[in-house]
Amino acid sequence: MTITPKVPMRKPASIALYPSLRLWVALLLLCAAISAAHAESLVSVKHTGFPPLISDAPLIGLAVIDARPVAVTDDGAWLLAADQRSWRRAAWPSRPSAAEMAGVVGTGHEAWLLRQASDGSLQRIERLSLRSDELQTVAMAPLPETLSDARLAVQGDALYLAGIGKDGRPRLYRAAISRADAAWQALPAWPDDGAPVALVAQTSALYLTTAAADSARQQFWRWSGESGWEQAAAIPGNIIAGSGRAIGQAHILYLMEALPGAATRLMSFHTITGAWAGLPDPHAGSAGHATAWNDGLLWAKPGKVPGRIGFDAVQIDGGRHLLQWLDWIVIVLYLAVMVGIGGYFYLAEKRTSTADFFVGGRSIPFWAAGVSLYATNTSSISFIAIPAKAFESNWQYLANNLIAVLGLMFVAVWIVPLLRRLDLMSVFTYLETRFHPAIRMLASALCILMQIGSRMSVILFLPALAIATITGIDVVWSILIMGVFTILYTTLGGMKAVIWTDFVQVFVMFGGAIFAIGFIVYQLNGGVPEFVGTAMAADKMKVFDFSFDLTKATVWGFIFLVVFDVVLTFPKDQVLMQRVLSTRSDKEAGRSIWTFAAIMIPGGFLFYLIGTALYVYYQSHPERMNPMLPIDATFPLFIAAELPMGVTGLIVAGILAAAMSTLSSIINSVSTLVSVDFYERLVKNPTPKKSVLFAEIVGVLVGLTGIGIALLLSRYDIHSLFDVSIELAGLLGGGFAGAYTLGMFTRRANAKGVAIGIGSSIALTLLAWSMDLVHPYFYLAISILLCIVIGYAASLLFPAPQQSLEGLTIYRQRPGRA
């Protein structure tokens, strides 16, 4: 089960009544005074000089193909040598005449030749490629009409073309790159009649700069298939024609003149906040043809000497923000406290009872279990990704939390009492009691594999990658720190250590998050009113979308998700159910779920509020962003670059806490499953002491295995692997969630029918996956539905269960009814 965590700030009653709050405020003011808002750019620009091209022919265009700069002149094409010290002529068997070449457009990896008609209008587009240092061309489909002032942009498999038609009206076309004969599709053109100056594709939108003949001021437009054309932020100058290029996930670099004829400067535009930032002076002077190159731009300069074409290039370098000594002290103290809690319970417990080790002796207070449920469900991925989502969009995903609370109410009233009274340690014992031992063991084995292979390793690796990207701490060391310390306190203290460390970790997370929000608000000149006004003006606090568009995060989609991802999967989630089973009574078990739900709502507001605060901050300080980092690194960047020493360590500890709380839960739960579902069933005469020792050994092995897989992931593309982990959960886990549903909510389902339903659901879901029929997030729901429908129908082919179902379904025992 995956419930995204969330939390809004509570209003303080009175600072005079709370000395500890006064201390927080004093610390906040002190740190803010020490670390005032920065004005300097966070990134540096590396300037690279290129050798001049010796040619009397005028330059037609500049591009980079397969990382090789290519200059096209009237008399041919030139390649930059591998040592970047000279240019040499490239073979070009199909080179058109100089009169036919209107220009060359480069996108950083690909290049396009624009061929013109006799009247100078664009007639055809050809794709340029390099093969053994020889230029080759492949013609695209004929254009629907000739165009003037043409500009190109590439986004995925789509090539966009903007230009002016013969009637003087703007045109926008799109064609697929993968097919040379793909027809051009007409798209809505921009509202004014200005001629295109620069066209750039970034993420899912186009950014077009236009210049009208009767105006010296350029216009800046944004287009997407969802919202159409919109006026973007005003341009602080004049963009050099064709100089724009997308960089990172949300930035565009431009060469710009403050005034016509003035010195060229490098500017960045942030597509989320709509803010412009000047980058350190690249000493560009004047600029002509430009193209994307590596992590920056390459452009031609008018030669001061006839017959020599000059070039310049810049690359963006984001740098690192190393942790300081006080940060390390905070992190070390946090880790020491976690291990200390594990050591305390190791010394305090006699270690002879499986109930003590696996379910805390069923003596955990409901409020501690509820907080632990929240901590376990709030992984470091949520701590990093939720603020990034709110920063990029709004609070619509928060609706998932609000609706999930309703699902948790159902779980507390119907499901928890049913499982709690069975006195379980492994939730899969229910499947044996209700159906058959084989179903229990297979479900448990698949759960173990998914927890270790797809969940634990990713939760270890993703925060390690974020911390390493920002602070310079090596990914390997981050993984080892989180993994080793989590193994220590989990195997030492058992479930009690897991729950009480979760309890501490929640306050570490919330403390760091609240401080970050307060720090940002204090930095704003207008304080809270400016914060709220800026956020509301940008519609950043929108929560509910009641539209029926299934491609968006709507309320109806979240209801669908909660039904399948909360209500129907909660019973099979050993990690969460183990906390519920650790409480003192059935009544307290239900209260732990209510506590979980109560924390989820304010928790969600808090993490989404961080994202909104980051939006407001970076709109005022766009120069403090790093264009090279992904959007998900926004909060870690702020932590490392903006917060004062010591506080950075506290929030890094919060990221570690979010990861370690989930990791400890996985280690403890997997060791419980291996011991209870396999060891105690397969070994003759197991004793509680031997079972606990075996579980401790398994916990160490599980932790080490997770560390090993996480280290392996560091060598691959984590984004695709994270998607695979989500797919696996749906492909292999949905069938067993359906088995719980059949077992709890029907009396007619039997072992043979459920086995058929599980096997069929897995097979059919794999078939849907192989055919790429739906988004991977739907696999879980599809698998559950298939198991329920097929399993129930198959059960009708076999005799009804003969054993007593008293206490195994939500119904009272009434034989003969389905």
Side-chain angles (χ1 to χ4, degrees), residues 40-50 61-64 67 69 105-111 151-155 160 196-210 218 220-222 232-258 262-301 311-319 618 621-631 633-634 637:
E40 72 275 9
S41 176
L42 195 62
V43 300
S44 60
V45 176
K46 181 181 178 182
H47 182 264
T48 303
F50 277 42
L62 188 63
V64 175
V105 177
T107 61
H109 302 285
E110 301 168 307
R151 300 294 173 189
L152 296 179
V154 174
Q155 186 178 67
Y160 291 90
V197 174
L199 181 66
V200 180
Q202 175 57 285
T203 313
S204 58
L206 292 178
Y207 292 86
L208 174 68
T209 308
T210 62
Q218 295 175 342
F220 197 38
W221 300 94
R222 180 187 184 276
I235 304 173
N238 286 325
I239 291 174
I240 302 296
S243 68
R245 63 93 29 112
I247 187 168
Q249 294 182 343
H251 279 83
I252 303 175
L253 295 183
Y254 289 100
L255 291 173
M256 186 179 298
E257 297 174 335
T264 304
R265 55 179 176 160
L266 188 64
M267 299 286 292
S268 70
F269 176 74
H270 189 231
T271 58
I272 295 175
T273 61
W276 291 90
L279 297 176
D281 182 16
H283 308 292
S286 55
H289 295 280
T291 187
W293 177 71
N294 291 347
D295 294 328
L297 289 170
L298 165 66
W299 64 89
K301 301 186 299 184
F311 298 94
D312 260 329
V314 293
Q315 292 193 76
I316 305 299
D317 183 11
Y618 283 118
H621 304 284
E623 72 284 351
R624 300 298 294 171
M625 299 206 73
N626 184 348
M628 305 304 301
L629 294 178
I631 296 172
T634 303
L637 171 67

Could you give the distance from [atom1] ([X]) to [atom2] ([Y]), rounded to the nearest 0.5 Å?
{"X": "His47", "Y": "Asp312", "atom1": "NE2", "atom2": "CG", "value": "3.5 Å"}
{"X": "Leu279", "Y": "Met267", "atom1": "CG", "atom2": "CE", "value": "8.0 Å"}
{"X": "Thr264", "Y": "Asn238", "atom1": "OG1", "atom2": "CG", "value": "10.5 Å"}
{"X": "Leu199", "Y": "Thr210", "atom1": "CG", "atom2": "OG1", "value": "11.0 Å"}

Whether the side chain of [X] engages the backbone of [Y] through a donor-acceptor N/O pair (distance < 3.5 Å, no angle test) should be reported.
{"X": "Asn626", "Y": "Met628", "result": "yes"}
{"X": "Glu257", "Y": "Ile240", "result": "no"}
{"X": "Thr291", "Y": "Leu298", "result": "no"}

Quick one: are [X] and [Y] in side-chain contact, heavy atoms under 4.5 Å?
{"X": "Trp293", "Y": "Arg245", "value": "no"}
{"X": "Val314", "Y": "Leu253", "value": "no"}
{"X": "Phe269", "Y": "Ile239", "value": "no"}
{"X": "Thr634", "Y": "Ile272", "value": "no"}
{"X": "Ile316", "Y": "His251", "value": "no"}
{"X": "Trp221", "Y": "Leu206", "value": "no"}
{"X": "Pro69", "Y": "Leu62", "value": "no"}

At their closest point, which heavy atom of [X] faces which heavy atom of [Y], and how far apart are they?
{"X": "Gly244", "Y": "Ala198", "value": "N-CB, 4.5 Å"}
{"X": "Val43", "Y": "Pro627", "value": "CG1-CD, 3.6 Å"}
{"X": "Pro236", "Y": "Arg265", "value": "O-NH2, 2.9 Å"}
{"X": "Thr209", "Y": "Gln218", "value": "CG2-OE1, 3.5 Å"}
{"X": "Arg151", "Y": "Ala241", "value": "NH2-CB, 3.5 Å"}
{"X": "Ala63", "Y": "Gly106", "value": "CB-CA, 3.8 Å"}

Exercise for the section: Output all residues satisfying side chain to side chain contact (heavy atoms under 4.5 Å, CB included) with Ala234, sequence neighbours left out; order by chain, then residue number. Expected result: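 Testing Ala234 for side chain to side chain contact (heavy atoms under 4.5 Å, CB included), a comparison that skips the adjacent residues, returns Arg217.
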Problem - Contacts of type side chain to side chain contact (heavy atoms under 4.5 Å, CB included), residue Val200, not counting sequence neighbours - result: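 In terms of side chain to side chain contact (heavy atoms under 4.5 Å, CB included), with neighbours along the sequence ignored, Val200 is linked to Ala246, Ile252, Tyr254.
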Practice task
Take Lys46 and Asp317, measure what salt bridge (Lys or Arg N to Asp or Glu O under 4.0 Å) needs, and give me the verdict at the end.
Solution key: CA-CA 7 Å; Lys46 181 181 178 182; Asp317 183 11; over 6 Å; no
Handout entry: Residue list, side-chain hydrogen bond (donor to acceptor under 3.5 Å, both in side chains) with Thr273, at least two apart or on another chain
Key =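 Once residues adjacent in sequence are excluded, the partners of Thr273 under the side-chain hydrogen bond (donor to acceptor under 3.5 Å, both in side chains) criterion are His270.
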Handout entry: For Tyr160, all residues meeting ring pair (Phe, Tyr, Trp, His ring centres under 6.0 Å), sequence neighbours excluded
Key =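 Partners of Tyr160 by the ring pair (Phe, Tyr, Trp, His ring centres under 6.0 Å) criterion come out as none, since no residue qualifies.
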Practice task
Kindly write out the residues that satisfy ring pair (Phe, Tyr, Trp, His ring centres under 6.0 Å) with Phe311, not counting sequence neighbours, or none if the list is empty.
Solution key: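 So Phe311 forms a ring pair (Phe, Tyr, Trp, His ring centres under 6.0 Å) with Trp87.
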